[in-house]
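Order of the sequence lines fixes the chain letters, A, B, ..., with proteins taken first and strands second; residue numbering starts at 1 for each chain. Keep in mind that the numbers below use all heavy atoms, side chains included, and drop hydrogens, waters and symmetry copies.
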Amino acid sequence: MTEESSTHFIHEIIENDLAANKIETIITRFPPEPNGYLHIGHAKAIHLDFGTAQKYAGRCHLRFDDTNPEAEDEQYVHAIQEDIRWLGYDWGENLYWASSYFNQMETYARQLIEQGNAYVCDLTQEAFKTYRGIPTQPGQEPPGRHRTIQENLDLFDQMRNGDHPNGAYVLRAKIDMTSPNLHLRDPAIYRIKHATHHHTGDSHCIYPMYDFAHCIEDSIEGITHSLCTLEFEVHRPLYEWILTQLNLYRPQQIEFARLNITYTVMSKRKLLQLVQENHVNGWDDPRLPTISGMRRRGFTPTAIRNLCTQVGCTKFESLTEIERLEACVRDDLNETSPRAMAILDPIKLIIENYPADQTEQLEIANHPQNESYGTRTVPFTRECYIEREDYMDDAPNKFKRFTLGREVRLRGAYCVTCTHVEKDEKGNVTTLHTTYDPETRGVNPPDGRKVRGTVHWVSTAHAIDAEIRLYDRLFTNENPLADKDKPFTDFLNPDSLQRCQAKLEPSLQTANPGDRFQFERVGYFCADLDHTSTTPTFNRTLTLRAAKKI
RNA sequence: UGCCGAAUGGUGUAAUGGCAGCACAAGCGACUCUGACUCGCUUAGUCUAGGUUCGACCCCUAGUUCGGCAACCA
């Protein structure tokens with residue numbers, strides 16, 4: 001599979017900038033806050049940030065936007081790096097921290113105060129709300145707005161020195177309390193937080209707000225194109241105001257629409273809730289759209305990157321069908337997964353005319369389209385398991401599998417004909433009795449008769465018992481957030497995880513956690529993190545593309 | 001009611017004043033030792049109303065609908 005590079009409005013802007021010699025080397029950045037796990041929405045941003053840098057031979061910085069110690073944690077830092085690497089991107093030497101710039105940012109804050117562009121405000125959060133006003137009405141100037149520069153400088157030093165409790169003061173940019181853009185109504189740029197920072201420890205007790213910090217980070221690092229999601233559009237004037245007042249290099253902020261996918265939720269807050277309320281089993285639950293969840297589920301980095309390429313990048317807030325993600329995953333997995341046989345809902349099949357003491361080692365291809373995957377040996381005996389749904393009483397002619405008197409091929413082995421069936425007292429089939437044609441091992445019947453169906457099987461004497469986790473979409477509603485009257489958790493799919501005990505062919509004994517397979521005719525599976533050779537555990541990544549079975 | 005932004009088949013996207021194309025989904029068929037894969041065919045679209053133009057998805061005007069913004073979060 002090829003990952004063709006995409007072109008969209010952002011690349012057009014970059015190409016124009018390059019052509020006009022506005023810039024030499026493009027520098028982007030991916031700026032996660034280490035307060036949660038990355039999800040497929042971040043994958044879109046990562047693909048954009050790193051992929052764009054790659055495409056134009058520039059570079060992409062990984063920068064932790066760690067300006068809020070109360071929300072952040074070291075564990076997320078590691079997880080985020082692991083996820084980005086797994087997706088196939090590398091920041092090389094370019095690892096940065098917003099917190100590394102804290103001293104410099106404080107200097108810039110002082111500069112703003114000295115220029116009369118910032119002041120210390122003692123209004124409580126509640127009180128300031130009143131002063132700020134509402135969208136349709138201008139705000140009022142807070143009392144502290146007219147403090148002298150020296151007073152502001154002294155107060156800011158006190159804040160910085162830890163003389164005041166959390167919330168006592170904040171530093172505000174002095175812009176315009178009547179601006180139609182709320183973000184320009186004297187936004188807070190520094191707040192007091194007596195908290196230990198995971199990276200800077202206790203060296204600071206004031207922390208910059210996003211709007212103040214982010215543009216300075218971008219500027220210091222010489223970012224040429226600062227790509228972010230649409231909700232920051234209204235922040236752009238502030239981004240530009242701060243850098244202009246400070247007379248600093250001004251990167252170009254460009255906004256794009258975030259990725260939304262049907263039948264799931266994408267916000268960190270919602271994902272956190274699902275984890276904390278135990279609707280799922282941790283951040284890497286295979287039902288979650290987190291990178292770690294998708295990895296555990298068996299999705300591939302290639303598939304995720306292909307999805308990002310395919311959905312492109314626009315300013316239209318779209319809702320991508322999960323089927324498209326699944327198509328990308330199947331596409332990659334079909335090419336890259338070795339095949340194996342597994343029976344999820346077994347019934348027995350006995351070949352009456354096959355010697356009871358015989359075992360044949362059949363050599364079966366690991367991939368139908370790619371010989372380089374080699375072959376494996378699969379033991380064949382008189383008795384095997386087949387899938388319950390591969391037999392039907394009084395089956396119509398279109399049904400290609402077992403029914404009384406119909407000849408069916410056992411994949412890679414012989415053609416067998418069902419002679420009679422055994423059922424339990426409830427009428428459920430327990431055993432198929434068959435006869436086989438010894439002339440059909442690995443070949444078509446020599447007399448030219450057509451055998452239409454092929455069914456997978458596992459020798460009962462050699463089968464490995466395994467736990468299989470069958471995953472389905474997490475929500476029953478395409479957009480679980482759309483109903484304003486109901487919490488999104490009302491739409492959780494009660495059957496999103498089902499377990500079953502399966503019979504696996506013995507070659508699967510040597511699988512390692514994370515190994516991916518196609519269980520033929522059933523779906524794509526991968527060995528779970530919990531998988532061991534004594535407790536084999538596989539996750540169903542996806543079923544095969546749904547075909548109408550008769 | 002203020003500000004910012006967006007509208008192209010069911011979905012996602014291309015066409016930058018010159019044939020509305022591609023992919024996913026759906027339907028039909030072919031092939032097949034996986035009812036997979038692959039291949040062929042089909043269905044289906046420019047938010048509305050005006051205007052400019054030989055010609056408009058594209059430019060202009062007005063409207064409609066949808067999304068974002070009122071955290072000491074990012």
Side-chain angles (χ1 to χ4, degrees), chain A residues 6-9 12 31-33 35-36 65-68 70-72 121 123-125 128-129 132-139 166-172 179-185 187-193 206-207 209-211 213-214 228-237 255 257 262 268-269 307 310-328 330-331 334-335 339 341 364-365 368-369 398-401 408-413 415 440 442-444 451-456 518-524 543-550:
Chain A
S6 57
T7 287
H8 43 69
F9 79 102
E12 246 170 66
E33 183 186 16
N35 68 344
D65 211 357
D66 53 349
T67 58
N68 184 2
E70 286 168 347
E72 297 154 11
C121 174
L123 252 23
T124 63
Q125 195 174 353
F128 182 74
K129 264 189 174 174
R132 183 176 41 217
I134 55 172
T136 49
Q137 283 166 23
N166 291 357
Y169 292 101
V170 336
L171 183 68
R172 293 191 182 286
S179 171
N181 181 342
L182 282 298
H183 295 279
L184 261 22
R185 319 245 266 225
I189 58 177
Y190 257 101
R191 76 285 219 195
I192 300 170
K193 267 185 198 289
I206 58 171
Y207 292 93
M209 297 286 292
Y210 167 84
D211 284 308
H214 204 90
C228 61
T229 44
L230 249 28
E231 69 267 27
F232 291 103
E233 222 155 11
V234 281
H235 294 244
R236 187 171 1 110
E255 308 86 11
T262 55
K268 271 190 198 174
R269 240 192 69 230
L307 176 83
Q310 286 178 22
V311 299
C313 186
T314 66
K315 291 177 91 94
F316 176 63
E317 185 105 17
S318 58
L319 181 59
T320 296
E321 292 173 333
I322 196 165
E323 287 85 349
R324 182 175 281 267
L325 204 212
E326 294 173 346
C328 289
R330 287 195 183 98
D331 198 29
N334 176 52
E335 279 192 27
R339 313 290 134 122
M341 292 193 285
I364 298 182
Q369 279 92 31
K398 282 191 155 183
F399 186 78
K400 290 160 55 173
R401 295 106 85 196
V408 173
R409 180 182 301 281
L410 294 176
R411 175 76 161 151
C415 295
T440 56
V443 295
N444 286 321
V451 178
R452 287 189 307 150
T454 300
V455 145
H456 56 109
Q518 185 196 104
F519 292 171
E520 285 195 276
R521 305 211 311 129
V522 182
Y524 296 100
T543 60
L544 258 28
R545 195 169 73 96
K548 295 184 308 290
K549 290 194 176 179
I550 306 297

*Could you please name the option among B:rA74, B:rA25, B:rU1 that lies closest to any side-chain atom of A:Ala327?*
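Per side-chain heavy atoms of A:Ala327, the pick is B:rA25.
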*Given B:rA15, B:rG2, B:rC33, which nucleotide is nearest the side-chain atoms of A:Glu12?*
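So the side chain of A:Glu12 is nearest to B:rA15.
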Separation between the [atom1] atoms of [N] and [M], rounded to whole Å:
| N | M | atom1 | value |
| --- | --- | --- | --- |
| B:rA49 | B:rU65 | C1' | 15 Å |
| B:rU46 | B:rC54 | P | 26 Å |
| B:rG27 | B:rU64 | P | 40 Å |
| B:rG10 | B:rA71 | C1' | 38 Å |
| B:rA15 | B:rC47 | P | 16 Å |
| B:rG55 | B:rA20 | P | 15 Å |

*asked:* Under 6.0 Å from the ring centre and within 45 degrees of the ring axis: does the NZ or CZ of A:Arg172 meet both conditions for the six-membered ring of A:Phe128?
replied: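 Here A:Arg172 passes the 6.0 Å and 45° test against A:Phe128.
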*Residue closer to the 5' end of RNA chain B, A:Pro180 versus A:Gly412 (nearest nucleotide)*: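 Between the two, 5'-proximity favours A:Pro180.
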*Of A:Leu544 and A:His235, whose closest RNA chain B nucleotide lies nearer the 5' terminus?*
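Taking each residue's closest nucleotide, the earlier one in sequence belongs to A:Leu544.
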*Check side chain to side chain donor-acceptor pair (under 3.5 Å) between A:Asn444 and all other residues, then give those that pass, not counting sequence neighbours.*
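Expected list: A:Arg409.
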[X]: side chain to side chain contact (heavy atoms under 4.5 Å, CB included) partners, not counting sequence neighbours:
| X | value |
| --- | --- |
| A:Asp211 | A:His235, A:Leu238 |
| A:Glu233 | A:Leu230, A:Arg236, A:Glu255, A:Lys315 |
| A:Ala365 | none |

Where do N or O atoms of nucleotides 10-13 of chain B meet protein N or O atoms at under 3.5 Å, pair by pair?
residue: B:rG10; atom: N2; partner: A:Glu321; partner atom: OE1; Å: 3.0
residue: B:rU11; atom: O4'; partner: A:Glu321; partner atom: OE2; Å: 3.1
residue: B:rU11; atom: O3'; partner: A:Leu319; partner atom: O; Å: 3.1
residue: B:rU11; atom: O2'; partner: A:Leu319; partner atom: O; Å: 3.4
residue: B:rG12; atom: OP1; partner: A:Leu319; partner atom: N; Å: 2.9
residue: B:rG12; atom: OP1; partner: A:Leu319; partner atom: O; Å: 3.4
residue: B:rG12; atom: O3'; partner: A:Ser318; partner atom: OG; Å: 3.4
residue: B:rG12; atom: O2'; partner: A:Val311; partner atom: O; Å: 3.3
residue: B:rU13; atom: OP1; partner: A:Thr314; partner atom: OG1; Å: 3.0

What nucleic acid atoms does [X] come within less than 4.0 Å of, heavy atoms only: base, sugar-phosphate, or nothing?
| X | value |
| --- | --- |
| A:Val522 | nothing |
| A:Arg185 | nothing |
| A:Lys315 | sugar-phosphate |
| A:Gly523 | nothing |
| A:Pro138 | nothing |

Rounded to the Å, how far apart are [X] [atom1] and [N] [atom2]?
| X | N | atom1 | atom2 | result |
| --- | --- | --- | --- | --- |
| A:Phe232 | B:rA74 | CZ | P | 9 Å |
| A:Phe519 | B:rG35 | CZ | C1' | 20 Å |
| A:Glu72 | B:rA74 | CD | C1' | 9 Å |
| A:Arg452 | B:rA30 | CZ | P | 12 Å |
| A:Lys398 | B:rC28 | NZ | C1' | 11 Å |
| A:Arg521 | B:rA36 | CZ | P | 11 Å |
| A:Leu230 | B:rG68 | CG | P | 10 Å |
| A:Arg236 | B:rC4 | CZ | C1' | 9 Å |

A side-chain contact here means heavy atoms from C-beta on lying under 4.5 Å apart; do [X] and [Y] qualify?
| X | Y | result |
| --- | --- | --- |
| A:Pro368 | A:Arg339 | yes |
| A:Arg191 | A:Tyr207 | yes |
| A:Pro32 | A:Asp65 | no |
| A:Met341 | A:Ile364 | yes |
| A:Thr67 | A:Met209 | no |

*Residues that A:Glu317 engages under salt bridge (Lys or Arg N to Asp or Glu O under 4.0 Å), provided they are two or more places apart*: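 Scan of A:Glu317 (salt bridge (Lys or Arg N to Asp or Glu O under 4.0 Å), adjacent residues dropped) gives none.
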*salt bridge (Lys or Arg N to Asp or Glu O under 4.0 Å) with A:Glu70: which residues, sequence neighbours excluded?*
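For A:Glu70 the salt bridge (Lys or Arg N to Asp or Glu O under 4.0 Å) partners, ignoring immediate neighbours, are A:Lys193.
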*Find the runs of at least 3 consecutive base pairs, i with j, i+1 with j-1 and so on, that include RNA chain B, using Watson-Crick or G-U wobble geometry with both distances under 3.5 Å.*
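Listed by first number, the stems are B:2-7 with B:64-69, B:10-13 with B:21-24, B:26-30 with B:38-42, B:47-51 with B:59-63.
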Dump the pairs, protein N or O against N or O of nucleotides 70-73 of chain B, anything under 3.5 Å, distances to one decimal.
residue: B:rA70; atom: O3'; partner: A:Arg132; partner atom: NH2; Å: 3.2
residue: B:rA70; atom: O2'; partner: A:Arg132; partner atom: NE; Å: 2.7
residue: B:rA70; atom: O2'; partner: A:Arg132; partner atom: NH2; Å: 2.7
residue: B:rA71; atom: OP2; partner: A:Arg132; partner atom: NH2; Å: 3.1
residue: B:rC72; atom: OP1; partner: A:Gln125; partner atom: NE2; Å: 2.6
residue: B:rC72; atom: N4; partner: A:Leu123; partner atom: O; Å: 3.3
residue: B:rC72; atom: N4; partner: A:Gln125; partner atom: N; Å: 3.4
residue: B:rC72; atom: N4; partner: A:Gly167; partner atom: O; Å: 3.1
residue: B:rC73; atom: OP2; partner: A:Arg191; partner atom: NE; Å: 3.0
residue: B:rC73; atom: OP2; partner: A:Arg191; partner atom: NH2; Å: 2.6
residue: B:rC73; atom: OP2; partner: A:Lys193; partner atom: NZ; Å: 3.3
residue: B:rC73; atom: O3'; partner: A:Arg191; partner atom: NH2; Å: 3.1
residue: B:rC73; atom: O2'; partner: A:Asn68; partner atom: ND2; Å: 3.3

*Residue pair A:Ala188 / A:Val170: nearest heavy atoms and the distance that separates them*: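 Closest approach of A:Ala188 to A:Val170, heavy atoms only: CB-CG2, 3.7 Å.
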*What pairs with A:His214 under ring-ring contact (aromatic ring centres under 6.0 Å, His included), at least two apart in sequence or on another chain?*
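Here the qualifying residues are A:Tyr210.
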*Considering residues at least two apart in sequence or located in another chain, which fulfil the ring-ring contact (aromatic ring centres under 6.0 Å, His included) criterion with A:Tyr169?*
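Partners of A:Tyr169 under the ring-ring contact (aromatic ring centres under 6.0 Å, His included) test: A:His164.
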*Would you sort out whether A:Arg521 and A:Val455 count as a side chain to side chain contact (heavy atoms under 4.5 Å, CB included), showing the intermediate values?*
CA-CA 8 Å; A:Arg521 305 211 311 129; A:Val455 145; 3.4 Å; yes
Please write out each protein N/O paired with an N/O of nucleotides 37-40 of chain B under 3.5 Å, distance rounded to 0.1 Å.
residue: B:rC37; atom: OP1; partner: A:Arg545; partner atom: NE; Å: 2.7
residue: B:rC37; atom: OP2; partner: A:Arg545; partner atom: NE; Å: 3.3
residue: B:rC37; atom: OP2; partner: A:Arg545; partner atom: NH2; Å: 3.2
residue: B:rC37; atom: O2'; partner: A:Asn334; partner atom: ND2; Å: 3.1
residue: B:rC37; atom: O2; partner: A:Gln369; partner atom: NE2; Å: 3.3

